[in-house]
Amino acid sequence: MSKVELYEKIRLARRDEALSVRALAVRFGVHRREVRAALVSPEPAPRKTPQRAAPVTGAWHGWIREVLVADRDAPRKQRHTAKRIRDRLAEEHGVLISESQCRVVVARIRAEIADEVGTPVKVFVPQTRLPGAEGEVDWGKFDAVIAGQTMTLHLFSMWLAFSTRAFHRAYVNEAQESFTDAHVRAFERFDGVPRRVRYDNLKTAVVKILAGRDRTENERFIALRSHYGFESFFCEPGVDGAHEKGGVEGDIGRFRRNHLTPVPVFDSLADLNAFLEQCDTADAQRWVTGRGPGAGGRVHGLAALERPALWMLPVEPFTAVTRLSARVDTKARVCVRQCFYSVPVRHVGRRVSVELGAETVTVHADGGIVASHVRGVHRRSEILDLDHYLEVLWRRPGAMPAATALAQARITGRFQPEHQQFWDLARRRNGDQAGTRALCDVLLLHRHHHSDHVIAAIRAALSIGNVDPAVVAVETRRAIEHHLQPEPAVGPVERVPDLSVYDQLLIIDQPDQKANPE
């Protein structure tokens with residue numbers, strides 16, 4: 001039994017049986033001095049700690065102090081730990097002490113040094129999180145395998161302080177278009193906008209740090225903030241600023257450990273982001289303490305309480321693109337952020353306008369859109385559309401078999417087996433040059449007609465062994481007309497007779513008014 005329980009039994013025996021000190025000592029097997037102490041107080045006296053000099057480490061306290069004082073000028077991540085000091089004592093001086101004892105000594109000497117130099121003690125002020133009042137934004141990095149290639153991606157996180165609900169999305173960089181696109185998607189996911197958002201001094205938001213909290217802000221960021229109506233708060237530079245948005249700092253680490261370990265493997269960035277959205281949905285089941293009217297609640301329940309307090313979304317979303325200008329090279333490509341995208345060959349040598357989004361690239365020329373692509377993930381990648389090269393391939397059919405655009409069209413499924421069957425038959429019938437030109441004429445039909453109609457027309461032409469593009473065009477029109485016809489009704493249809501023909505008999509039987517004036 002514990003000493004407190006022993007004291008209780010001694011005191012009860014004294015009260016109920018009136019036993020003497022000697023009798024109590026015999027019954028409970030303790031010294032009479034212990035019995036007297038129990039009768040005086042129900043709580044045992046605190047154990048006395050002998051004040052003695054450390055027999056082993058005492059002679060090395062000065063050396064440990066010198067090491068810790070020198071650490072004040074060393075890089076933060078290369079300073080001595082208690083374990084490293086213990087190892088150095090063993091390696092350099094042959095002094096063997098336990099790690100726990102070394103930690104106690106090091107902690108005491110560090111506290112003494114802090115008192116001597118007047119180092120302020122870090123104190124954190126408890127905060128009350130109100131619904132819809134505040135959100136926090138930060139970036140994190142992680143590795144992923146995309147299309148068989150390992151690459152470092154950037155994880156955007158927006159964290160709502162009250163509900164701890166977070167939005168996560170992966171991007172290839174932290175550029176302006178990624179920053180604004182992430183905000184647009186996060187606000188849509190939350191179905192509202194927090195009143196204030198905390199940031200680091202990101203280059204996409206801050207151009208220059210001024211005195212205090214003043215900042216010269218990025219004009220694109222100002223437009224984003226004006227569109228959604230939230231207030232921005234910029235933290236202090238350096239490590240101290242990280243404590244001013246500790247919620248999102250911890251969220252990124254937690255999310256990376258729980259959902260991005262081991263290294264994720266996906267075929268495309270879109271598949272990875274779909275997975276991250278599922279992770280956010282699963283995180284909504286987390287339990288959060290110290291929030292809401294009770295002791296806490298699950299994230300999805302707290303988010304439902306917070307949603308009415310968020311600002312309403314504008315009618316139109318913010319245009320999250322960066323507008324650039326590029327010149328079309330001799331391969332009918334524009335180079336945007338070290339990736340190449342095809343445009344129609346008629347624009348070769350001209351300068352065109354480019355709208356660069358986080359996941360799309362749109363090329364404008366002559367007052368309209370001339371090309372639209374999914375943004376490339378890997379550096380120096382080519383994203384080519386076979387349709388952009390059909391005119392030049394018709395003139396130079398020998399370039400078709402090895403064309404990069406054709407290889408990509410096969411991978412994406414835009415060049416289907418029916419196209420290959422038509423091409424093979426046309427080359428056997430008419431030769432390589434004429435057969436390839438016939439294929440180009442058929443592929444040009446996709447510009448003006450739905451792909452399903454053209455494929456159906458190719459099948460119809462192949463069924464009769466015909467490789468004339470004109471026949472495919474006629475069959476395409478027939479497929480369109482067949483698609484527009486109303487579907488036959490299911491089940492018996494009741495025929496309603498047309499009785500209007502009997503009105504003609506009434507007219508014939510009517511007497512001539514001019515013949516009988518009566």
Side-chain angles (χ1 to χ4, degrees), residues 169 171-173 175-185 188 219-220 223-224 227 268-270 273 314-395 403-416 419 440-455 476 480:
R169 193 169 183 84
Y171 293 92
V172 296
N173 54 34
Q176 189 71 52
E177 62 274 5
S178 302
F179 182 68
T180 54
D181 178 81
H183 278 75
V184 173
R185 293 179 182 272
E188 290 178 354
E219 291 187 357
R220 193 65 179 161
L224 173 72
H227 185 83
S268 65
L269 186 61
N273 281 321
V315 177
E316 296 182 358
F318 187 76
T319 305
V321 297
T322 300
R323 292 177 172 84
L324 307 170
S325 177
R327 184 176 294 278
V328 183
D329 62 13
T330 56
K331 295 182 180 180
R333 307 173 307 176
V334 292
C335 182
V336 182
R337 299 281 170 84
Q338 300 185 359
C339 291
F340 295 91
Y341 305 90
S342 66
V343 298
V345 294
R346 65 180 181 274
H347 298 288
V348 170
R350 297 177 54 188
R351 183 164 289 278
V352 294
S353 300
V354 179
E355 287 187 350
L356 178 63
E359 300 175 357
T360 60
V361 176
T362 306
V363 183
H364 294 259
D366 301 329
I369 299 175
V370 297
S372 182
H373 298 278
V374 176
R375 182 169 177 174
V377 176
H378 304 297
R379 186 176 298 179
R380 305 292 299 178
S381 61
E382 287 184 314
I383 295 88
L384 308 180
D385 190 344
L386 180 60
D387 179 74
H388 295 161
Y389 297 91
L390 291 179
E391 287 84 359
V392 68
L393 288 173
W394 195 94
R395 296 194 302 270
T404 304
L406 176 61
Q408 293 187 7
R410 286 195 173 105
I411 294 174
T412 59
R414 299 186 67 177
F415 192 85
Q416 300 187 22
H419 295 119
C440 291
D441 290 334
V442 170
L443 292 175
L444 286 169
L445 293 173
H446 286 278
R447 291 185 180 179
H448 308 287
H449 305 290
H450 194 276
S451 179
D452 293 342
H453 298 152
V454 179
I455 295 299
T476 301
I480 295 173

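Nothing fancy with the numbering, it's 1 onward along the sequence.
- Of the charged side-chain nitrogens involved, none lies within less than 4.0 Å of a carboxylate oxygen, so that D366 and R346 do not count as a salt-bridged pair.
- For the atom pair L224 CG and T319 OG1, the distance stands at 11.0 Å (nearest 0.5 Å).
- Using the six-membered ring where Trp is involved, H388 and H373 have ring planes that are perpendicular, over 60° apart on the 30 and 60° scheme.
- Between H364 and V352, the shortest heavy-atom distance links the atoms O-CB, 3.6 Å.
- The minimum heavy-atom distance between A358 and S178, with the atom names listed, is CB-CA, 4.0 Å.
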Working note: R447 + L390, criterion side-chain contact (heavy atoms from CB on, under 4.5 Å); need CA distance, chi angles, decisive distance, verdict. CA-CA 11 Å; R447 291 185 180 179; L390 291 179; 4.3 Å; yes
Is there a side-chain contact (heavy atoms from CB on, under 4.5 Å) between H450 and I480 once you walk through the steps? CA-CA 9 Å; H450 194 276; I480 295 173; over 6 Å; no
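- How far OG of S381 is from OH of Y341: 6.0 Å, rounded to the nearest 0.5 Å.
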Apply the test side-chain contact (heavy atoms from CB on, under 4.5 Å) to residues Y389 and L384: give CA-CA distance (whole Å), side-chain angles for both, the deciding distance (0.1 Å), then the verdict. CA-CA 9 Å; Y389 297 91; L384 308 180; 3.7 Å; yes
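- Contact check for L443 versus D387: no side-chain heavy atoms found under the 4.5 Å cut-off.
- The two residues A365 and V370 come nearest to each other via the heavy atoms O-CG1, 3.8 Å.
- Looking only at distances, no side-chain donor or acceptor of S342 sits under 3.5 Å from a matching main-chain atom of A332.
- If you take OG on S353 and CZ on R351, they are separated by 9.5 Å, rounding to the nearest 0.5 Å.
- Between Q176 and T322, the shortest heavy-atom contact is CB-OG1, 4.2 Å.
- Note: T362 OG1 to L356 CG = 9.0 Å, rounded to the nearest 0.5 Å.
- Atom-to-atom distance recorded for I455:CD1 and Q416:CD is 4.0 Å, nearest 0.5 angstrom.
- Across all non-hydrogen atoms, the minimal contact from G376 to I383 is CA-CD1, 3.7 Å.
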Evaluate E359 against N273 for side-chain contact (heavy atoms from CB on, under 4.5 Å), listing each step before the verdict. CA-CA 11 Å; E359 300 175 357; N273 281 321; 3.7 Å; yes
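- In this structure, the side chains of F415 and Q408 stay at 4.5 Å or more apart for every pair of heavy atoms.
- Sparse packing is recorded around CZ of R379, with 12 or fewer heavy atoms of other residues, nucleotides or ligands lying under 6.0 Å away.
- Side-chain contact between L393 and L386: present, with at least one pair of heavy atoms (C-beta onward) separated by less than 4.5 Å.
- Residue H419 forms a side-chain hydrogen bond (donor to acceptor under 3.5 Å, both in side chains) with just one option from R410, R414, H446, and that option is H446.
- Atom-to-atom distance recorded for C440:SG and E391:CD is 9.0 Å, nearest 0.5 angstrom.
- Annotation: side chain of C339 is not in contact with side chain of R375 (no heavy-atom distance under 4.5 Å).
- Here the shortest heavy-atom pairing between R185 and Y171 reads CD-OH, 3.9 Å.
- Two residues are said to be in side-chain contact when any heavy atoms from C-beta on lie closer than 4.5 Å; E177 and V321 fail this criterion.
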